Amino acid sequence: GKGPSDPSATSTGGQTPVKLILNWKPEPEFGGFYEARDKGLYKNHGLNVTIESAPEHVTQLVAAGKTQFGIMAADEIVTARSQGIDIVALFAVYQTNPQGIMTHASRGLKEIGDVLRNPGTLAVQPGLAYVNYLEKKYAPVRVQVVPYDYSIVRFMASPDFSQQCFITAEPLAAKKQGADPRVFLIADSGFNPYAGIVVTRGDYLKNNRKTVENFIAATRDGWQNYLDDPMAANATMGQLNKEMDARTFADAAEAQKPLIETDETREHGLGTMSNERWQTLIGQLQQLKKISSPPPAGECFVNP
Amino acid sequence: MRRSWQVIWPPLVTFVLLHALWELIVRRLGVPAWKVPAPSDIFRAVVDRSADLMTATAHTSAAAVLGFGLSALIGVAAGTALSSMKWIERAFYPFTVFLQTVPLVAIAPLLVLWLGYGLASVTVSAFIVSLFPVIANTLAGMRSVDPGLRDMFRLYDAGPLRTLFKLKLPAAMPNVFTGLRIASGLAVIGAVVGEFVAGTFDQQGLGLLVQSASRNLQTPLVFAAVAAASLLGLTLFAIVNFSGYWILRRWHASAR
Amino acid sequence: MRRSWQVIWPPLVTFVLLHALWELIVRRLGVPAWKVPAPSDIFRAVVDRSADLMTATAHTSAAAVLGFGLSALIGVAAGTALSSMKWIERAFYPFTVFLQTVPLVAIAPLLVLWLGYGLASVTVSAFIVSLFPVIANTLAGMRSVDPGLRDMFRLYDAGPLRTLFKLKLPAAMPNVFTGLRIASGLAVIGAVVGEFVAGTFDQQGLGLLVQSASRNLQTPLVFAAVAAASLLGLTLFAIVNFSGYWILRRWHASAR
Amino acid sequence: MTESVQIEGEALAVSLRSVTRRFEGGVLALEKLDLTVQAGEFLAILGPSGCGKSTLLRMVAGLDRPNDGSVRVGPNGLPPRGGIAYVFQDPHLMPWRNVIDNVALPLELRGEAKSKRRSTALAAIERVGLADASRRYPNQLSGGMRMRVSLARALVTEPELLLMDEPFGSLDELTRQMLDQQLYELWRERRMTVLFVTHAVHEAAYLSSRAIVMTRRPGRIILDHRIDLPETRGVWMRTEPAFMKECRVLYKALEWGAA
Amino acid sequence: MTESVQIEGEALAVSLRSVTRRFEGGVLALEKLDLTVQAGEFLAILGPSGCGKSTLLRMVAGLDRPNDGSVRVGPNGLPPRGGIAYVFQDPHLMPWRNVIDNVALPLELRGEAKSKRRSTALAAIERVGLADASRRYPNQLSGGMRMRVSLARALVTEPELLLMDEPFGSLDELTRQMLDQQLYELWRERRMTVLFVTHAVHEAAYLSSRAIVMTRRPGRIILDHRIDLPETRGVWMRTEPAFMKECRVLYKALEWGAA
Ligand SMILES: Nc1ncnc2c1ncn2[C@@H]1O[C@H](COP(=O)(O)OP(=O)(O)OP(=O)(O)O)[C@@H](O)[C@H]1O
Ligand SMILES: Nc1ncnc2c1ncn2[C@@H]1O[C@H](COP(=O)(O)OP(=O)(O)OP(=O)(O)O)[C@@H](O)[C@H]1O
Ligand SMILES: [Mg+2]
Ligand SMILES: [Mg+2]
């Protein structure tokens, strides 16, 4: 990575330009960031924030110093740190992991374990930590595991098909087309890493502590506003993502609320993270052999 | 005029017939639009989302055309270099196969690190995917030059550059055009796939449009975007085909 | 013996030199392994995960080889059919371009609906991706048959089948082999990409291995899997190349 | 598969009526040409380079069509399948086949059995003096050898109409005389119709029963001449006054047509 | 760009010492052949088809190498750049160029200016009688016309060593005589060295200052004969007894070598 004199972080005209790279299209899962940008919260904190949305490779870009901030999941951060990549978590949008397994309600399954232990098909992305966790926990697995391709056509087409989902996305799309999806959160099975985490590089944090604190403060306010009233930000994002209609935006914003706002956040503020949960995750990943050298939990995150 | 009409109507008739058949089957069997949309559903999606389809097509076109252009230039140059000496061919030809077999997904992180998201990375994807056919066909063309003409150039001590421009390149033209025909389609697919891994939603091309429409079960839009990609491929193909016909018509058996 | 050694050592030397250079650069600049692994890192990944790599390669090979075989058969047949009449070519050639430009991601869901997950669908992906170069080159070859020989066959009233097998196919061989060379690499990439959408994890091929390694930042393993895919492509390519050389060596300028 | 329906031993008459051939680009190769060749005639065709001789032969073979006028071959106007053989001006061999297989091609296309094909082809190859090159490929042959392969290929089928476009032009005098003699004897025996393009006046006089001489493009027939020589011919004849006279007649017409 | 370094008007001597050429597959084309051609000599080469004449010419041109023995051209053993011209046995034209551009090729490769090229090429095309076909493409020409294009291409450069492999074999007698005459006059004027393969004995006698006759493969020289005729030659000479005698000598040697 680059040294402390990161030129893109030096201030110009009082406003520090910084970039945030999202890991998917504008959707309610990023509502707070757009809220903070559009309502001028970043500006009030002396920041000029550019938001980009890309489908892949946020880890590499943050690590290589191509962006100041990015969005990642907790297990990705642990994996990166175990490889010696100095990435630090700053703010976890989702206290409860929004990933789930979606299946057809008509099958009458009671929990995630039923999905894995019964015949059928389960579509997931290759290499996901939680899939390994589930496979281990609910062995012997009888479901056929296949790759997920961002489409729900196959889910719609076959009654014994299940797939990974983001609670705010695929189930809503399926419901809109008349299916009756049943969603099991991964978190309920005991694997619950933080998700939607704002990250930065360790050396950037060290040298630009103030900028980082400002960014997180503004982000926290943005998310609070968005939880109170998502309409404005949803409209902005709807312009950028026409494949999702306004109704779905509203539904999704509503659906994710309980995953973002918990007792924990009411006490310590939105986005807060605890050493204990990082510790748990690291232990779990180690057991799954996803990492060889466990990083100390305390280095993985800060609550600025 | 009369000629180009003769070239256009047969595929047009085929096109119309195929689509009528498709519409009929889908309507008869009552297949839902999210599974296999009827042409009319797709047409509606095209009308509804014409602006987005157009900008997406523009983004993908830019990358595909640039990538194709790079392939044409570098492919012909590389094919020429490989054909110049037996040992160069032996030492390097196998490695050009590598370019073809490397999954874009695997090199995308590197592309993104070097070139960032967007046009540059996507162009390079289109280039990588469409390069090899040009190399292979150029090489094949250069190696089947009439040995008698080759002797004549040796006799007049023509030097490698003149032999290249006045003998090998013209003689290889029919093959080069076959390579370019293949590359035209591959450049489009390279751009589309390149977007999956190195595109950005801020300049959404057809690849990402397909992905996000597919995630939201807007299958007619998926088909519309795929149709746009194909049309783009066909346009590139037609341009290559007509230039090939134009250049070769006077002398090559294949153009008659 | 002596000959095949002559063919093998130049790429081998290139290979060793390139890798030594690569190792040196990576070590000197201290590039981290997650970004660009050194050959030694990749080698370690190969050793550590040799069993997984081997079964993955076996699965991908099966699909790639079958898909390539289908492309060869159907591509030559389709090229022949297109070359048989001007109007057939005009009506259908443009549509074969469609096959090339349609993103697999878009049709893969359909493939899976029809053929299920696993070998069949992945094979069809490999087939679709590698088909067009064979068609285009076969067609080009058939259309450049020596007009004098064509006349002779007409004179002896040879009939379309005999003309095909005794004149057009043999004459098109050099082009067909160029098409097959291109198809060999594309079949591998088609199998790898096909696995992204239609593979299964119990029969995990190189495609899924690449994806999961990439998600877990195991870049050396990604490179190892890519190397395996390339090796597979190279093997297919070498087989095509040698059979081409063997068949054409007696008479075609390009084989000399 | 399909056996040839050729009527054994039935020579074919050829007739051209007012034939005009104009190529794209406006080159007028032949204009209003009339020519009738009796069945069993040996017709020599002479004329300056580029006057339309090859074009004429191609039209008789049905490989090219007149822009105007009609070409009829045989009693039905169309030649029986497999009844024509053609020695093109260039050898046009298949580079991927060796000499035997090139020569055997017409038999193969007729569906004859492999062993029969081989022996017939070998006999023809021997007759043109290439027995020791029968396994070589075209790119391993000299120019004259290639032409002789093409000749052997034309003769294996025992055609009823034989079209020959300067078949001996690239051969040395001795080989040429030997092949002239062989061709003449074959014709005497089988009495097929032969159209024979040549530039050698003495060859025309020696072989043919009738000779025509064409003018510069557009080719018209300036001389249509019955060769008045005994049917038994041989090398000895070349110095006979009657032969010399025929040569002079043809030569004069050529000079006249070229002017 | 790079102007040719040809030494104007300096004919080249050729010498072959014990040259053997054996092709892959074991065909022995030439064996221990010795031949010296003086600078400015016009050497005719005769011999049966397949005896190694083309092989000999290719080696003199440096397009093929002997398996054994040495070939030297000019004072240094290597010919000056651009100093040789070769009329191959087949025309070998570039199908994508029309007649003018095919003929102008050697000038182009030498880097001459475009207008100069055009006029020189047109003059050469006119000399071979193809003025009205100068814009046509090779596939629009007759066989004899193609050969004449190839001839014109060889003569545009005013070479010091001219290799000709049956250049006139596919031409009618009159065109041939005209070109024979032109070639002879060109040689008398410029005195370049000429190696001329032909099958026509009278052509050899008419043109050359010396003729060799080769035997069947492996080609050996069976006759090396100075042609004893006056330097001023013309069509009239063809009936002179001295000319007839030379022809007979060559013919006898041919017969002897073919036996
Ligand atoms: N495809 C073509 N397009 C245009 N002109 C052509 C074509 N084929 C032949 N010609 C022209 O038609 C004329 C007659 O050609 P043809 O080949 O019949 O001559 P030929 O009498 O056989 O001559 P040669 O003795 O040189 O073989 C020539 O002037 C030639 O240039
Ligand atoms: N590439 C080759 N491989 C094998 N044999 C060859 C090759 N080229 C020529 N030959 C053989 O060498 C011999 C001499 O060939 P060459 O072409 O020199 O004959 P030529 O005297 O020019 O005959 P022609 O008068 O028929 O042109 C022939 O027997 C020929 O078959
Ligand atoms: Mg002709
Ligand atoms: Mg020769």
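Chain A is the first sequence line, chain B the second, and so forth, proteins listed ahead of strands; every chain is numbered from 1. Keep in mind that what you see is a predicted model, and the values were worked out from it rather than measured.
- Only the side chain of C/Val210 comes within contact range of chain B, judged by heavy atoms closer than 4.5 Å.
- Heavy-atom pairs under 4.5 Å with chain B were tallied for C/Leu139, C/Leu18, C/Val97, C/Asn241; the largest tally goes to C/Val97.
- Annotation for B/Ile182 and C/Ala136: closest pair CG1-CB, 3.8 Å, computed over non-hydrogen atoms.
- Between B/Val102 and C/Ile189, the shortest heavy-atom distance links the atoms O-CD1, 3.4 Å.
- When all heavy atoms of B/Phe132 and C/Arg181 are compared, the closest pair comes out as CE2-O, 3.8 Å.
- C/Val193 has its side chain out of reach of B/Val193: every pair of non-hydrogen atoms, C-beta onward, lies at least 4.5 Å apart.
- Once rounded to the nearest 0.5 Å, the distance linking CH2 of C/Trp87 with OG1 of B/Thr14 reads 8.0 Å.
- At a 4.5 Å heavy-atom cutoff, the contact between B/Phe98 and chain C is made by backbone and side-chain atoms alike.
- Listed in order of number, the residues of residues 229-236 of chain C that approach chain B to under 4.5 Å between heavy atoms are C/Ala229, C/Ser230, C/Gly233, C/Leu234.
- In this structure, the portion of B/Asn175 lying under 4.5 Å from any heavy atom of chain C is its side chain and not its backbone.
- Atoms OG1 and CZ, on C/Thr101 and B/Phe237 in that order, are 10.5 Å from each other to the nearest 0.5 Å.
- Of the listed residues (B/Asn137, B/Ile107, B/Val226), the one with the most heavy-atom contacts under 4.5 Å to chain C is B/Asn137.
- For chain C, the nearby part of B/Val36 is the side chain; its heavy atoms alone come within less than 4.5 Å.
- Both the backbone and the side chain of B/Leu186 come within contact range of chain C, judged by heavy atoms closer than 4.5 Å.
- Ranked by heavy-atom pairs shorter than 4.5 Å toward chain C, the options B/Ser184, B/Pro133, B/Gly141 are led by B/Pro133.
- Atom-to-atom distance recorded for C/Arg143:CZ and B/Leu248:CG is 10.5 Å, nearest 0.5 angstrom.
- Both the backbone and the side chain of B/Phe15 have a heavy atom closer than 4.5 Å to some heavy atom of chain C.
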